[in-house]
Structures are given as structure tokens and as C-alpha cells.
A.B. asks: 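Take a look at this one; I'll ask things after.
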Amino acid sequence: MKSILGKNLGNYRTSYRADMALLNSRNKKIGMVILLLVIFLLPMFASNYFIGLMTLCIISSIGAIGLNILTGFTGQISIGVGAFLGVGGYASAILTTSMGYSFWIALPLAGIITAIIGGLFGIPSLRLKGLYLAIATLAAQFVILFIIRRWVSLTNGTSGMVLQRPTIGDFALSSNTSYYYLSAIAFLLSAFYAINLVRSRTGRAFFAVRDRDMAAQIMGINLFKYKVMAFAISSFFIGIAGSLLAHYTMIVSPEFYEINVSIQYLAMILIGGLGSVFGSILGAFFITLLPVVLNIIVGSLSGILTDLSHILSAFEEFVFGAVIILFLIFEPGGLAHMWSNTVNYFKKWPFSY
Amino acid sequence: MKSKKFLSLIIGLVVLVFMAACGDDADGSGGSGDDQEVTIGTLADITGATGDTGTPYSEGQDHFFEYLESTGGIDGLDITHLSEDYAYEISDAQRIYQQYRDRDGVSAILGWGTGDTEALRQQVASDQIPFMSASYSENLKDLDESPYNFFVAASYSDQGRMVLEWIKDNHEGGDPTVALLYNDTGFGRSPIDDIKDYAEEIGVEIVDEQIIDLAATDAQSQLLNMEEHDPDYGIIQQTWAATTTILRDADTLDIDTQFIGLNQAVGEGLIDQAGDLSEGFMGVLTHALPYEDVPGMDEYIEYLDSQDMTVDDINMQHVAGWVVAKVMVEGVKNAADSTDGEITGEDVLAGLEAIEDLDLGGLAAPVTFTDELHAGTEEIRLGIVEDGQWKAITDYDSYR
Amino acid sequence: MVKILQIEGISLQFGGVKALNDVSFHIEEGEIFSLIGPNGAGKTSMLNCISGLYHPSQGSIKYKDEEITKMKAYSRTNLGIARAFQNIALFEHMSVLDNLMLGRHTLMKSGPFSGGFYFGKAEKEEVDNREHVEQVIEFLDLQEIRHTPVERLAYGQQKRVEVGRALALSPELILLDEPMAGMNKVEKERMAQLILKMKDNGITVVLIEHDLGVVMRLSDHIAVLDFGKQIGFGTPNEVQENPEVIKAYIGENVS
Amino acid sequence: MDFFLQILVTGIVVGSIYGLVALGFVLIYRSSDVLNLANGEFVLIGGYVCLTIMTASNLPFIVALLITLVISVLLGFSVERLVIRPLKNAPVISIIMATIGLASLLGGLVHMVWGHRTRTFPQVFPSEPIHFGGLIITPVYLWSFITVLVLLVTFTLFFKFSKMGIAMRAVADDAKAAMSMGISVKNVLAVTWAIAAVVAAIGGTLLGMINGVGPIMATIGLTVLPVVILGGLDSIGGAIIGGFLIGIIQNLAGGYLDPMVGGGLKEVVPFIIVLLILLLKPYGLFGKGGAERV
């Protein structure tokens with residue numbers, strides 16, 4: 001291969017390295033430190049209940065990041081997240097409970113097993129796009145759950161399986177706080193990985209596949225390889241989330257992984273922002289906390305509307321749907337876009353207008 | 001653009017409300033005087049997949065607690081009852097459970113179906129919170145696995161065993177043959193192995209099994225297959241909707257098998273849905289029917305009167321809810337007697353395990369819990385639909 | 001001169017329509033080669049066959065004596081064949097820089113693992129390739145818009161990025177599909193200079209262009225297509241005097 | 001009784017309902033490339049509305065049905081206007097998600113309005129099964145079979161001869177070209193959604209007479225997806241034939257395979273078919289290849 005220009009343009013290395021660093025400004029560095037402090041010091045200030053909610057939020061964030069890698073980055077819609085979450089949960093249950101491995105081995109293995117199965121179901125992506133792929137993943141959802149229900153010798157069928165909280169030496173992570181820390185570390189690693197992935201060669205290839213598959217091929221990108229890879233990487237995270245969730249609830253059963261779970265995850269990345277790691281996190285928090293907030297609102301209105309508490313879940317369902325539609329119509333960029341708009345607004349403040 | 005701002009405004013508001021509300025760790029402040037305080041939380045399915053039976057069940061609980069309060073409550077005890085609809089969704093059940101445990105500090109939980117019960121049984125064990133639900137699954141009897149789970153009625157397996165016993169005793173002409181019809185869920189499969197084992201034990205032949213989905217539009221292929229074995233009886237472990245489908249298609253196909261439902265297939269709702277098809281259908285009665293004249297109905301009717309309601313407004317599921325709340329309160333009472341301090345989940349566990357032969361005035365079979373057995377009874381009655389009404393044809397009895 | 005690309009008897013069919021009919025020519029290493037012909041002549045189809053987006057029904061394509069007729073598109077890119085599209089096919093949501101970095105895809109190695117953790121080798125690779133991309137940026141004068149998402153650029157700028165992305169690949173053979181379309185005179189001249197510079201750097205250029213003046217001035221060899229058939233092949237002078245070409249271009253000023 | 005024939009007949013009559021519901025999917029997909037995942041809720045609402053009118057007033061069935069259809073038209077119009085039109089140029093995932101959101105919204109609404117109980121229709125058709133030789137069919141099934149056939153003929157004629165039908169076909173083929181010919185794409189889409197809602201309501205009414213109307217009914221929306229894929233998303237005849245095929249295959253699997261695997265295949269078999277179809281013939285049996293514009 002030849003260089004297009006004979007001359008050397010000088011050494012830019014130091015400046016490029018700095019330019020390309022993740023935290024390339026002082027503000028970003030400070031922000032990062034504050035964020036880490038908040039995450040790690042939170043249990044000292046927040047109530048147990050709040051920590052429990054945060055644990056659910058960050059585990060969902062891991063799954064949402066995973067789904068976003070597939071759907072947001074690579075443009076392949078999956079309505080089968082629920083089942084893949086189940087694969088992760090069951091893999092972890094089988095490895096720890098039936099086979100006696102330690103959680104610390106089971107967790108990564110659960111991710112890898114889910115990645116392999118996810119990759120397998122990604123094979124139809126060679127020929128299918130958009131709607132058709134979405135339906136194929138929906139079918140995968142039903143077929144995987146059917147297998148889980150039926151492979152009784154492996155999965156204990158419909159009765160589900162019991163898991164234990166992980167231990168470090170003699171210390172079991174049975175408290176809210178300790179499990180929160182475990183999830184938080186997994187979450188930070190996932191986010192770190194995903195953010196880097198986006199700006200590396202693989203991430204760029206994913207975007208290319210999503211935006212223009214023809215041009216991507218001309219860039220030397222093997223579409224099939226990258227599509228399946230996206231399925232596998234995405235499923236890895238979903239598997240990890242599934243495993244974490246399973247050890248959190250200490251039980252897996254097919255009913256955990258129904259189609260509505262898949263829909264919730266799709267809603268997370270859509271409301272958070274497609275193709276944005278930060279958006280996945282915002283969306284996961286939003287969707288997980290939405291019922292809590294509605295509950296509070298309805299609770300505080302109960303003096304005026306006494307009967308509402310009885311139809312609370314129906315109301316939740318209604319609002320969930322309405323929120324999705326409103327976001328799609330008025331803010332397709334999702335929460336991530338709203339966030340950056342807000343940040344820009346304050347950056348220019350007081351000259352915003 | 002206007003709508004965009006509107007959207008941001010709403011989100012900002014939501015965040016604010018959330019922040020404001022999550023700050024406090026409401027551990028049941030307030031309360032009157034020196035009363036011991038205890039909080040009980042209910043996980044109800046009102047709008048979910050099993051909402052048709054879940055709603056009266058949770059209303060029965062609400063009504064019992066209201067009744068208790070209206071009669072002045074229990075001396076020295078201040079019971080707070082919370083209830084939330086989890087719509088039969090596990091993630092919601094998980095969230096509400098955390099809220100009950102961490103925010104409301106409940107000492108016991110009244111759950112509902114197999115889904116939430118199974119999903120939470122490990123957690124309630126490690127959090128030491130007694131959990132009493134309407135999932136009468138035999139494997140909850142295993143106290144090593146589910147030390148904090150309770151149920152007040154006979155397990156599905158015990159119901160099935162009793163039905164087999166009845167078949168054996170009452171069948172005329174030759175050896176009876178039985179088919180099992182259930183759905184592919186934890187609930188559906190729960191009693192199947194036990195029923196098969198017991199059938200073998202007492203020498204009743206199970207000739208066929210059919211799986212019929214909870215939401216099935218039709219069950220003809222299954223019933224045709226069943227008909228190949230021509231069973232005398234079909235034991236149904238389903239909800240009302242699927243039972244109706246089975247009865248309808250059996251009628252269509254002229255199948256003369258006598259169907260007998262376990263308790264979830266039984267109740268007034270089945271008659272509403274299946275209409276004439278339910279005539280002659282038999283089933284397990286775990287609780288009293290509202291129109292039965294039993295002593296336990298008196299306080300019930302007293303409460304209904306105060307609410308301008310009659311027994312026509314309630315059904316057997318409502319009675320089941322009332323009963324479960326009553327039993328739970330009994331356990332809490334025992335717990336309060338044994339401790340002066342805060343009533344913990346462990347105290348309630350001990351209080352429940354102290355319940356012996358609790359007479360429910362005919363609303364249900366007498367309930368006994370011990371530290372070895374958390375299934376309140378093995379006794380059921382069998383009933384049949386006649387003239388659009390359930391009628392008991394046996395007394396409370398167990399298979400033993 | 002070495003033949004870098006040999007096209008022999010290529011035919012391409014869509015349903016019943018013959019888009020290309022028995023086309024044969026060859027391209028020599030280091031030259032500027034132009035494909036011309038009226039609209040619908042099959043020029044872009046020919047490029048698609050070379051870059052592997054279409055697979056011809058007959059004939060063979062050899063790149064440096066290697067048979068590539070059935071090779072997948074992305075593998076051809078690995079061999080050093082780059083392509084700039086006529087109707088800009090950039091990744092609109094990405095910045096100019098990312099688009100150019102995508103051009104480096106085949107020259108980089110980091111996979112999803114090393115890339116995701118961005119340590120050591122992967123980072124070094126990113127930085128090294130960034131350096132190369134910066135050269136392309138300089139070459140095409142894109143410094144100001146490096147970080148701008150492509151969708152916000154003007155048409156002419158996008159055209160340059162499109163060419164730049166192909167150049168970023170450090171190709172040996174570059175396929176330029178109407179790189180000057182829609183440009184004004186100044187921009188066109190600048191692009192022409194760039195193409196000559198590519199040649200100076202030893203890159204073989206295949207050019208599709210409607211402005212015959214430019215074509216005649218830049219090209220070493222020209223192939224003329226009409227309705228999928230090749231009606232002329234040779235140096236600019238030979239082609240200009242070819243009666244069939246003149247017939248096809250009747251009414252147009254060939255010189 | 002002939003086991004095979006009875007299974008076959010059951011498959012056909014159940015399949016006719018599938019076909020009917022699938023029709024709603026196809027009509028919308030053809031003209032706007034939208035897969036309406038809220039179709040199940042359309043069915044549910046149709047069933048509830050008709051049932052409510054019949055029980056609340058003493059109107060005869062036909063009148064109640066007509067009122068229901070009018071309400072469905074309004075539902076279709078408003079959904080198109082409020083949700084679909086603003087998302088005209090949005091990517092596929094947004095539109096899939098919008099219909100999922102719509103499903104949730106409508107589902108919640110239904111819960112709030114009608115509650116949770118399964119309700120039964122007043123008797124409209126006789127419940128006494130009809131015997132054809134050894135075969136048995138319930139009248140409701142027979143009626144739904146007839147309805148499907150009538151609708152199939154109606155739509156075929158509608159698309160062939162009526163002005164709106166031709167316009168709808170034109171829009172389905174190429175919206176831009178249709179627009180340039182003076183067809184109002186907006187109006188055509190609105191009418192399409194209205195028709196789809198009407199078809200769904202008819203399905204909901206028939207299904208309601210079979211199984212009662214309850215929230216669980218909305219799952220028919222997902223159950224029927226395999227039908228649509230099998231028949232091809234853009235083929236009306238395909239939807240009907242796909243409905244029959246899935247109904248038959250499902251019942252054959254239930255009749256012959258279920259005893260071998262211990263049951264439960266009946267519900268999953270359609271989705272296994274979907275995976276196979278998508279691998280072998282991605283656009284279904286009757287769909288146009290490459291019709292998908294993604």
C-alpha cells in the first residue's frame with residue numbers, strides 16, 4: 001500500500017492522542033470524578049429502598065446498552081431481548097446451582113453462552129432486514145422460552161431454578177448495598193466498554209452497516225460478520241444483565257422473560273436515544289422508575305381521585321404507551337438528545353437567546 | 001417546538017417528584033400511643049393476566065382489613081394494610097416488593113399467583129418476611145426451599161389427590177380412567193407429577209395428558225386426542241377462560257367425560273363465562289360459597305351490610321381473600337403477644353406457626369401451621385354446578 | 001506497463017435487460033483511465049462489477065492477474081480497490097473524521113475486544129491511522145470540518161469527503177464515479193488537480209465523468225460504453241476519432 | 001368420527017379467524033409499510049364495543065355491529081392522524097415502537113374503561129353444533145368462515161373496481177407516483193387505517209362470541225403474526241391462505257405431534273414456521289421479494 005503523499009506532515013501523535021482521549025477536557029474529567037464519587041458514595045446517603053431501585057436501574061442499563069449495540073448502533077431491531085435475558089439467567093443458574101461453579105466464573109460464562117446463542121439467532125440477519133428481522137427475533141423469543149419450559153432436565157421446566165447471592169470468601173453479597181456495588185462495577189465496565197467500542201474500528205463498522213450497508217461493503221466491511229458480531233456482543237451484555245438479575249432475585253423462571261420484558265428494553269433505548277450509550281442508561285432509569293413516579297403521583301392525588309389506585313397498573317400501561325409515542329413524535333433523539341440540548345443551553349448561558 | 005418544551009417540562013417535573021419522594025424512608029411514623037405497629041403489604045393482580053380472579057381476591061383482603069378497623073381493630077395493635085397492583089408482571093412485583101421491604105418496612109406480605117410467589121420466595125426467605133399467597137403449589141411445602149411461604153388452602157396436589165380419591169370411591173362400573181388437562185406454566189404443571197404418583201398408588205389409571213394454553217382459542221385437537229383414550233374423568237388445572245374453552249369444545253365434540261376442576265378452574269366466574277356449558281361440571285371448593293349459611297358468614301355479612309353490599313356482590317375468590325387476611329391477622333396477633341418490641345417478620349413467622357386448628361366458621365377448612373408445615377390444610381370439598389350455581393356435594397375432607 | 005485490471009467479456013443482466021453486454025478492456029498500473037458514455041450506458045454498472053456490488057453473468061475480472069470475478073465486495077477492498085460513489089454514499093450521521101477513519105477499516109486490525117477496552121495496541125492503531133487520515137484531510141483541505149457531521153456539509157464538501165474516504169484506504173486502484181458532478185468550474189479544476197496528484201503518487205485511477213474536456217485532458221486511456229456495449233477503447237486521440245463514438249455523441253462536442 | 005378430517009376442519013375454521021385478523025395487518029402494511037402491532041388491541045376494542053352496545057341497549061346484533069364499525073372507523077382515523085402521520089418519515093424501528101406504544105396505550109385504556117373481567121356475548125348464533133356427516137362445526141365458526149370469504153371477495157372487488165381501492169393499490173405500489181397522479185396519499189392512508197380497524201372489529205366480535213371478551217384477547221395480535229409472515233406482508237390473498245395454513249398446521253401439530261412431545265407444540269409451531277420461512281423464503285409464500293423498503 002502506498003501513502004498518498006510522499007512527504008511527512010510532521011508528528012501529530014501527541015496532539016491526536018490527547019484529542020482522541022475519552023476525557024479530552026478538564027470539565028469532562030471533573031464531571032467523571034463527580035459521577036464516580038456519586039455512584040460509590042451513594043449508599044452512605046441514600047435509603048435502602050433507593051439503593052434497591054438504583055440496583056434495578058443499573059442492571060437494566062447493562063441490558064439496554066447491550067440492546068442498543070444491536071439496535072441503535074447496528075440498526076438491527078430485536079424484539080427478543082426478554083428471552084436472551086433468560087438465557088443469561090438460566091446459564092448462570094445452571095452453572096452455579098446444578099454444576100456448582102462459583103458466581104465469579106458463572107457471570108462471564110453466562111455472558112459468553114448468551115453471546116453464542118445470540119450469534120446463532122443472528123444468522124438470519126444475513127438475509128433479513130428491518131421488520132422481517134424484528135419478527136424473526138420475536139419468533140426466537142417464543143421458541144427459546146418454549147425450549148426453557150421443555151428442557152426440564154436442564155432447566156427444571158416451568159418451576160424455575162433457585163440461585164444464591166454471590167460470595168467473596170465468607171461474605172455473601174446479600175445486602176442491598178453490597179449487591180449494588182457489584183452491579184455498579186459491572187455497569188461501569190459495560191459503559192466503559194461500550195463507549196470505547198463506539199469510537200473504535202468495530203463501532204464505526206457497526207454504524208456503517210446501519211447507515212448504508214452498500215457503502216460499508218465497499219469500505220471492506222464484511223456485513224454478515226459484523227451483523228452476527230453485533231448480535232453476539234449485544235447478547236453478551238444482555239446475558240450479563242440476565243445473570244446479575246437472576247442472582248439478585250435468586251430465582252429464575254420462564255415467567256420472568258416474557259415478551260413484555262423485550263418491549264420494555266426496546267422502550268428504554270428508544271426513549272433514551274438510539275445509538276447512544278448514555279441514552280441507554282437514561283432510558284433504563286426512565287423506564288424502571290416510571291411506575292414508581294406514577295405511583296407517587298397517583299398516591300398524592302388519591303385525595304382527589306380515590307379510585308385511581310385500583311387501576312394504577314392500567315394507568316401505568318397507558319402512560320407507558322403515551323410516553324413512547326410522544327417521544328417518537330416530538331423527541332426522536334430521546335433523552336440523550338434532550339440532555340445535550342440542555343447542556344448546550346447552559347454552556348451558552350446567559351447568551352442562550 | 002412547543003410540544004418539545006412541554007415534554008421537557010414534564011420530564012423535569014417527574015424527576016423532581018421522584019427526588020422528593022425517594023428521600024424519605026417512611027418507616028411507619030405516626031400511629032397512636034403505645035400500640036405496637038405492624039405493616040402488611042398485598043401484591044394484587046387487578047389489571048394483569050389473572051385479574052379476573054385476582055381482583056375479588058384482593059378486594060376480599062381489603063374488606064377484611066376495613067372490617068377489622070371498623071370493629072375497632074385489635075387491642076394494642078396498629079395494623080397498616082397496603083395494597084398494590086402488580087398486573088401479574090414479575091418486574092413490577094419485584095419493584096413493589098422492594099418498596100414494601102425497604103420503604104414501608106412490612107412484616108408480612110399477602111401475595112397472589114404462582115408468578116410473584118415463585119419469583120420472590122428466595123428473597124422473602126433471606127429477608128425473613130412471611131409471604132402468604134393463593135398459589136397452592138406443593139413445592140412451597142418444602143421448608144428448606146421456601147421457609148417463609150405460607151398458603152391457607154389445600155395444595156393443588158392435595159386437591160388432585162382428593163379428587164382421585166373421590167373418583168375411586170364413587171366411580172360405578174369398572175375401573176375409572178382419568179385424563180389431566182393443564183397449561184404449560186408453573187401453575188399448570190404444579191400438581192401433575194403428584195397426581196400421577198398418587199393415582200398409581202391407589203390404582204386409578206391416568207390414560208392421557210393434554211396441554212392447553214391459558215389463552216387458547218380452541219382445544220379441539222387436544223380433546224380429540226384425549227377422546228382416543230376415552231377417559232371417564234378429566235381433571236382440569238386451568239383458569240376460567242381455558243376451562244370454558246375446554247367445556248365448549250368438549251360439548252361441540254360430544255365428549256361425555258366428566259370434567260373436574262381444581263380450585264382455579266372453579267368459582268362463579270366460570271359459570272358467568274361458560275353459561276349452560278358449566279352445568280354438571282365438578283370442581284374443588286376450597287372456600288365457602290357466599291350464599292352458604294355458615295357461622296363464619298355472619299361477620300362478613302355485617303361488613304357487607306355496612307358497605308351497602310350483599311352476598312350477591314361477592315364470590316368465592318372474595319371469600320378466599322377475606323380468609324387469607326383473617327389468618328394473617330391471627331398470626332400477627334400471636335406475634336404481638338409474644339413480643340413487646342417491634343414486630344419483625346420472624347415474629348410473624350412464629351406467630352403463624354403457632355396457629356392451630358383455627359376455626360374459620362366454615363368459610364374454609366380449619367387452618368393449622370407448624371414449623372414443619374406451612375400448608376394450612378389438606379381438606380377440600382367437592383362441588384358441582386347445578387341450575388347455574390355451585391353446590392357442595394361433600395364435606396371438608398382430606399385424601400388421607 | 002503492467003495491467004492492473006483486466007476486464008474480459010463482461011455481461012450483466014437484470015431480469016431481461018442487459019445492462020452490460022460483452023465488455024472488455026484493461027487498465028494499466030499508474031494510469032488515469034476513464035469510462036464515458038451517455039446516461040444509462042452502463043458505466044456505474046461496470047464500476048459495480050469491479051467493486052463487487054454486482055456479479056456479472058458472464059466474463060471475468062482479473063486484478064493483478066488474480067481472478068476476482070466471484071470475490072465478495074469487502075474482500076476486493078482488502079486488495080486495495082477503493083471506490084467513491086456518484087450519489088454520495090457517506091455515513092451522514094458521522095463526522096468527516098469518522099467517515100475517513102472508516103476508509104481505513106481494512107488497514108486496521110483491532111477487534112471488538114481490544115477496541116472496547118482501548119488500551120495499548122488498539123489505541124496506538126487508532127492514533128497511527130488518525131495520522132494518516134489527517135494527511136488526507138490536509139490533501140483535500142478538510143481541516144475546518146473535521147469534526148462536523150457529514151449531513152451538515154455543503155454538497156461540494158461532501159463530494160470531497162466521498163473522494164477522501166476512498167483515498168483514506170491508501171488504495172492502489174481508485175474508482176471515482178463522477179467526482180466532479182454538480183461542481184462549479186473552480187471546484188472542478190481543483191478536483192482535476194487532485195486526480196493528477198493521485199496519479200503522481202502512483203495510484204491507478206478509474207474515472208467516470210461527463211465533462212469530456214476534463215476526461216480528454218486527464219486520461220491516459222478511455223473506454224466508451226453505449227447501451228451496455230463497448231463502442232470504443234484507446235487513448236483520448238483514438239477515441240475521439242472513432243466513428244462509432246462520434247455517432248453516439250452526435251450533437252455533442254467531442255473535443 | 002374421522003380424527004383427521006375433524007382436525008382439518010377445526011384448523012380451517014380457526015384459520016379463518018386468523019386470516020381475518022391477519023387481513024388487518026396486511027391492509028396497513030401494503031399502503032404504508034407499517035406493521036401495526038396494536039392490531040390485537042383493535043380487535044379487543046372492537047369486541048368490547050360491540051358487546052357493550054349489545055348488553056347496554058337492546059339493539060339487534062346487526063345494528064350493534066354497524067355502530068361498532070362506525071366507532072372503529074373513528075378509531076382508525078384518529079390513530080392514523082395522531083400517531084402514524086406525524087411519523088411519516090421515521091425509521092422502521094420508530095414505527096414498530098410507535099405501534100407497540102399504541103398497543104400499550106390502548107390496552108391501558110381498555111383496562112380503565114372495561115376492567116379486567118372476561119365478559120360473554122349475548123347469544124347471537126345458536127350454540128348447537130352443526131353436523132356434516134361425521135364432522136362437527138360450531139355455528140360461530142361457520143359464520144366467521146363465511147365472513148372471511150365475504151370479506152375476501154369484497155376486498156378483491158374493492159381493489160379491482162372502486163376508485164378508492166385503485167388509489168390504495170397505487171399508493172401501495174409507489175406513493176410518490178400516486179401522489180403525482182393527483183391521489184391524496186393522506187386520505188388513502190386514513191381510509192386504510194379505518195378499514196383495518198373495521199376488519200379488526202369484525203374479528204373481535206366473532207372471537208368474542210367464541211371465547212368471550214377479555215384482555216387476553218389482544219394476544220391474537222401476536223398469534224397471527226406468523227400468518228402474516230407466511231402469507232407475505234403485502235398479500236391479501238396470502239393473509240387469508242396463510243390464516244388457513246397456520247390454522248391447519250397448528251391443529252395437525254396439536255393432533256399428531258403433541259402426543260409425541262408431551263403437548264404444547266400447538267402454540268409454538270407457528271413461530272417455528274416463521275423462523276423457517278424467514279430463513280428459506282424471507283418474503284413469505286405470496287409476498288413480493290424486495291417489496292420492503294428499508
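The chains referred to below are lettered A, B, ... by the order of the sequence lines, with proteins before strands, and numbering in each begins at 1.
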A.B. asks: Between CD of C:E126 and CZ of A:R204, what distance do you get to the nearest 0.5 Å?
C.D. replies: 4.5 Å

A.B. asks: What residue, out of A:R201, A:R210, A:M219, has the most heavy-atom pairs lying under 4.5 Å from chain C?
C.D. replies: A:R201

A.B. asks: Using only atom types and a distance under 3.5 Å, with no angle test, would you say the side chain of A:R212 pairs donor to acceptor with the backbone of C:L90?
C.D. replies: yes

A.B. asks: Under a 4.5 Å heavy-atom cut-off, does chain A meet the side chain of C:L102, its backbone, both or neither?
C.D. replies: both

A.B. asks: Considering only heavy atoms, which portion of A:I233 lies under 4.5 Å from any heavy atom of chain C: side chain, backbone, both, or neither?
C.D. replies: side chain

A.B. asks: To the nearest 0.5 Å, how far apart are CG in C:L97 and CZ in A:R199?
C.D. replies: 12.0 Å

A.B. asks: Just checking C:K199: does its NZ atom have more than 12 heavy atoms from other residues, nucleotides or ligands closer to it than 6.0 angstrom?
C.D. replies: yes

A.B. asks: Starting from the C-alpha separation in whole Å, work towards a yes-or-no answer on side chain to side chain contact (heavy atoms under 4.5 Å, CB included) for A:I218 and C:F85.
C.D. replies: CA-CA 10 Å; A:I218 295 301; C:F85 289 89; 3.5 Å; yes

A.B. asks: Who among C:A89, C:G52, C:G103 has the most heavy-atom pairs with chain A under 4.5 Å?
C.D. replies: C:A89

A.B. asks: Can you say whether A:M229 sits under 4.5 Å from chain C via the side chain, the backbone, both, or neither, judging by heavy atoms?
C.D. replies: side chain

A.B. asks: Using a 4.5 angstrom heavy-atom cutoff, name the option from C:E92, C:K72, C:M101, C:E125 with the most pairs to chain A.
C.D. replies: C:M101

A.B. asks: Identify the heavy atoms of C:Y74 and A:G220 that sit nearest to each other, and give their distance.
C.D. replies: CB-C, 3.4 Å

A.B. asks: Counting only heavy atoms closer than 4.5 Å, note whether C:M94 contacts chain A via side chain, backbone, both or neither.
C.D. replies: side chain

A.B. asks: Between A:V198, A:I221, A:L189, A:L197, which has the largest tally of heavy atom pairs under 4.5 Å with chain C?
C.D. replies: A:I221

A.B. asks: Which bit of A:Y226 comes within less than 4.5 Å of chain C, counting heavy atoms only: side chain, backbone, both or neither?
C.D. replies: side chain

A.B. asks: Nearest 0.5 Å, what's the CG-CE distance between C:L53 and A:M214?
C.D. replies: 5.0 Å

